[in-house]
Each structure stands twice: as structure tokens, then as C-alpha cells.
Asker: 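Have a look at the structure that comes next, please.
When a ligand or atom number is given, it counts from 1 through the structure's own listing order.
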Amino acid sequence: MAVPLLDLTGQYKQIGNELEAAVVGVLASGRYVFGPVLESFEHNIARYCDAKAALGVASGTDALILSLKACGVGPGDEVITTAFTFFATAEAVSNIGAVPVFVDIDPVTYNMDPSKVPQKITPKTKALMPVHLYGQCADMDALNTLAKKYDMVVIEDACQAIGARYKGKRAGALGDTGAFSFFPSKNLGAAGDGGLITTIREDLVETIAMLRVHGSKQRYFHHFLGFNSRLDPIQAALLDVKLKYLDDWNEKRRENAAYYNQLLGDLKGVEIPVEKDYNYHIYHQYTIRVKGLRDRVIKALEENQIGCSIYYPLPVHRQEPYAYLGYGPGSLPETEKAAAEVISLPIYPELTHSQQDEVCDVIRQVVTKAAR
Ligand SMILES: *Cc1c(COP(=O)(O)O)cnc(C)c1O
């Protein structure tokens, strides 16, 4: 039995009728940009995240770019972030003319290590951009304390963390702004690209709203340079339907993670994910570490038609566009070690225990064979 890394058709089978009705409703309404369907979704997701406001944009990448702009980050400023993330995190910083400064990760959570932040702060530092990697929040109390002390804004890259909680509070309400992605593979996925910015700061709402419409409040009168970055009502309609199911789906992912933990927890050489006791992890990815045997495990999984992936094989500081920053090999040791050892396994809500048994049997075989 093949086990894909992700299968979105199961979700469609579950709620397809509802999704189709939502799309048809928008088509019939004649409102294809902005309008009540988008506003309703924004209202619901702001409430879901305990944020003051939520504003739809065209992608998670744009959510990061517009957040940085709204917070006044610009050319020459430095933004402290992590290199163990999807490329877009740093790309957003660079595309507004600022410079990403990479700190190493905590090897247990894969998130920004707050203890390593102070040594990276310079007079040019303007913002902290932690990533809630794989769906588990970074240590936000420690990061917010630093932000206050050194006068930095905090932009959460919450693209993988919708519904995650830190000490009871939702991702997206833990910094000045939160950036979300509705890329189809995310826990709340659109039928195409989409993104959203949450904020707990009333004073940022109007600026963000203007940034997504060419810096205008009233049509054809422009106060600053902005973007064309909107979340389509068709996507908002789909997402509003799916939002009702999100908590159940996230719970299902957590159950699947717990089952994997049970199957893999005693395997020597395999490290299962660690959920900090103050976190509610939503397992966008279920990521294990395999020391030394990764290539063999991946090969065996592939031979058995089991999907897996490496997030991320080449950390951002080692990517071509960042060669100019001069981070040599070994400059972020925990990031580089993680990039060499992680494997993400199928974890979507519709995954069955027998599929998980199969995944773990293959891994167990490789690991026990190597130990003999
Ligand atoms: C998905 C993702 C993004 C980018 O989102 P898009 O919607 O694809 O632009 C940014 N950061 C992280 C951590 C992501 O996982």
C-alpha cells in the first residue's frame, strides 16, 4: 500500500459539497475582489487567533513583506531570523532592502534560540522574525523580552503554525504581526495561493490595509507605495468553510504524531519530535532525526512507495543568494546538523494507523539492520 507524503483528496471527499457551494456563492455574487465574503473570513480568523485584526493578502511571502513594511522596516535595517526555514522568510527581508541576520536554532525545537540573539544585535537591528517551524511556536516570552529591551518589532512567521498555541495564546497574537500562508499543503490550505496578516496592534491595521492596495485608502489617491496583494473571495470562501474543521484536523494530526511517537520512541538512532510543555504543536510536519542513516531510511521509504521529505536540506545561509553574507560552513552548527539529519513523514489528518504502521516498519527495519 502506497503512503503519500500528503493527500489532499481525502479532505475534498469529506467536505467537497460544502466547498463547492461556497465557491458557487462567490461566483454568483459578482464580487471577485474584497467584499463581504473576505471580510467574514477575516473576522472569523481574527477571532480564532485572538488578534485585533486579520487582513488577507496574496501569499505567506507577501504577509511577511507587508508586515515588515507596516512595521517600518526598510533598506539597510537588519532583521534577526533563522536559517532553518523555508527560503521565503529571509527572501521577504531582502526584497524590502533589509538584511537577514541568522541566529542558530535550538536543536530540540528547531526554532530560534533566544540565548543566541543578543550577540547578533547591532545599532541597525530593527526586527526579530522567529519562525514557528513545523507547527510549534518559538519561545516567544524570551524573544519578546529581548524585543522590548532592544527596541525591536516582532514579526511571527506563523506560516506553518495556524492554530498552534504558546502558553495558551495562539500563534499570530504573540508578536506585533503574524504572517500566515494558505498554500495548499499548509494545515489550512486554499485551492491555490493565499496568505494573511494578523496583528494585535490597532495602529498597524490601516497601514497594512493600504499596503495591499497600492498605498491607497480611497481609490486612485495614493499615500505611499504599496502592492497589489489580496486574498481572493473565492479562496476566502473555501478557507472559511475549512476553518470550522481546522481544530479537528489539528487534533487528528496530534493523534497521529502521538501514534508515531509510540511506534518510534524506543528506536535507537531515531529522535522523535519534542513538544515543549508550554506549547500546543499542530504538526504541520512530523519530523524525526536520524543520525548517520538518513540516506538509507529515505531510500527504503521510497522503495516502499512511502512519501517523505527533507525540510530543509540546504539552510538559507548556505543558499546562493546569501553567499555574499559570508556565513561559512559551521557558522550555524545546530542548523547545519539538523539539515543533515531530519526527515518529515506523512502526518495529514486522514492518515490511518495501518499506514503509520507501514511507515514505521520500514524505518525499524533499516535501523535495526544497521545496528546488527
Ligand atoms: C509556506 C511558508 C512561507 C511562504 O508562504 P507562501 O504562501 O508559499 O508564500 C513562508 N515561511 C514559511 C516558514 C513557510 O512554511
Asker: List every atom of ligand 1 that sits less than 4.0 Å from any heavy atom of T89, numbering the atoms from 1 in the order shown and giving each element.
Answerer: 11 (N)

Asker: Is the closest basic N to carboxylate O distance between E275 and R254 below 4.0 Å?
Answerer: yes

Asker: Which residue supplies the protein heavy atom nearest to atom 7 (O) of ligand 1, what is that atom called, and how far is it?
Answerer: S181 OG, 2.6 Å

Asker: Verify the cluster assignment for M140 and I105: are they in a single hydrophobic cluster under the rule of side-chain heavy atoms below 4.5 Å apart?
Answerer: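 In one cluster with M140: I105, no.
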
Asker: Could you tell me the residue and atom name of the protein heavy atom closest to atom 10 (C) of ligand 1, and the distance to it rounded to 0.1 Å?
Answerer: C159 SG, 3.6 Å

Asker: Could you verify whether a donor N or O on one side chain and an acceptor N or O on the other, from D247 and Y48, lie under 3.5 Å apart?
Answerer: yes

Asker: With a cut-off of 4.0 Å, which atoms of ligand 1 are near a heavy atom of T85?
Answerer: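 That gives atoms 13 (C) of ligand 1.
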
Asker: Atoms of ligand 1 less than 4.0 Å from S59 heavy atoms?
Answerer: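 Once the distances to S59 are compared, the set is 7 (O), 9 (O).
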
Asker: Does any donor atom in the side chain of T335 or Y110 lie under 3.5 Å from an acceptor atom in the other side chain?
Answerer: no

Asker: Please determine, by modelled atom types, if Y278 and D141 share a side-chain donor-acceptor pair under 3.5 angstrom.
Answerer: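 Looking only at side-chain atoms, D141 and Y278 do not form any donor-acceptor pair under 3.5 Å.
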
Asker: Could you tell me the residue and atom name of the protein heavy atom closest to atom 15 (O) of ligand 1, and the distance to it rounded to 0.1 Å?
Answerer: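 Here the nearest protein heavy atom works out to Q160 NE2, 2.8 Å.
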
Asker: H132 pairs by side chain to side chain donor-acceptor pair (under 3.5 Å) with which of E156, H281, H284, Q160?
Answerer: E156

Asker: What part of H284, side chain, backbone, both or neither, has a heavy atom within less than 4.0 angstrom of ligand 1?
Answerer: neither

Asker: Nearest to atom 11 (N) of ligand 1, what protein heavy atom do you find, and at what distance?
Answerer: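 Its nearest protein heavy-atom neighbour is D157 OD2, 2.8 Å.
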
Asker: Do any heavy atoms of K186 fall under 4.0 Å from ligand 1?
Answerer: yes

Asker: Backbone, side chain, both or neither: what part of T61 comes under 4.0 angstrom of ligand 1, heavy atoms only?
Answerer: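 T61 to ligand 1: contacts from backbone and side chain alike.
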
Asker: Below 3.5 angstrom, do we get any N/O pair linking G60 and ligand 1?
Answerer: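 Such a contact does occur with ligand 1.
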
Asker: Go through K120 and I80 one step at a time and tell me if the side-chain contact (heavy atoms from CB on, under 4.5 Å) criterion holds.
Answerer: CA-CA 7 Å; K120 301 275 181 170; I80 295 178; 3.9 Å; yes

Asker: With distance as the sole criterion, is a donor-acceptor pair present between the side chains of S344 and T287 under 3.5 Å?
Answerer: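 Indeed, the side chains of S344 and T287 share at least one donor-acceptor pair under 3.5 Å.
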
Asker: Of all the atoms in ligand 1, which lie at a distance below 4.0 Å from a heavy atom belonging to V131?
Answerer: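 Every atom of ligand 1 under 4.0 Å from some heavy atom of V131: 13 (C).
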
